[in-house]
Amino acid sequence: MQIETIFKDGVLIPLQPLKLKTKRVKIKIFVSDDEFEKAEAPKTKLRDRIDAILGEYAHPRPASNSNHDKAVWHSHIEEKYGK
């Protein structure tokens, strides 16, 4: 079945009353891509925003990988609790 609706303030309003068998039913709605506003790209990168928050404490971190991060963490644990 195909019905016509109006989308107003985040709510779909059918143009004609619907009498469904149940009070809750899952439906699919098709909306043309032309109806959506294009999302704007963020003005700044996340790293720039974090650096602005950190101020003088911000510093570049060398490129890393998970193995390096694990090794640093294990080293920290060994220093803290001993071997």
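Values below: every heavy atom of this structure, side chains too, minus hydrogens, waters and symmetry copies.
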* Who passes salt bridge (charged side-chain N to carboxylate O under 4.0 Å, His left out) against Asp69, sequence neighbours left out? -> Arg61
Which distance, rounded to the nearest 0.5 Å, do you find between the [atom1] of [X] and the [atom2] of [Y]?
X: Arg47; Y: Leu54; atom1: CZ; atom2: CG; result: 6.5 Å
X: Glu4; Y: Gln2; atom1: CD; atom2: CD; result: 8.0 Å
X: His76; Y: Tyr81; atom1: NE2; atom2: OH; result: 7.0 Å

* side-chain hydrogen bond (donor to acceptor under 3.5 Å, both in side chains) partners for Asp48, two or more places apart -> none
Is there a path of hydrophobic side-chain contacts, each under 4.5 Å between heavy atoms of I, L, V, M, F, W or Y residues, that connects [X] with [Y]?
X: Leu12; Y: Ile27; answer: yes
X: Leu18; Y: Ile13; answer: no
X: Ile29; Y: Phe7; answer: yes

* Asked: With clusters built from Ile, Leu, Val, Met, Phe, Trp and Tyr whose side-chain heavy atoms come within less than 4.5 Å, directly or transitively, what are the remaining members of the cluster of Val72, listed by chain and number?
  -> none
* Shortest non-hydrogen contact between Pro14 and Thr5, atoms and distance -> CA-CG2, 3.8 Å
* Tell me, with the steps shown, if Lys8 and Val11 meet side-chain contact (heavy atoms from CB on, under 4.5 Å). => CA-CA 5 Å; Lys8 181 179 179 183; Val11 177; 5.8 Å; no
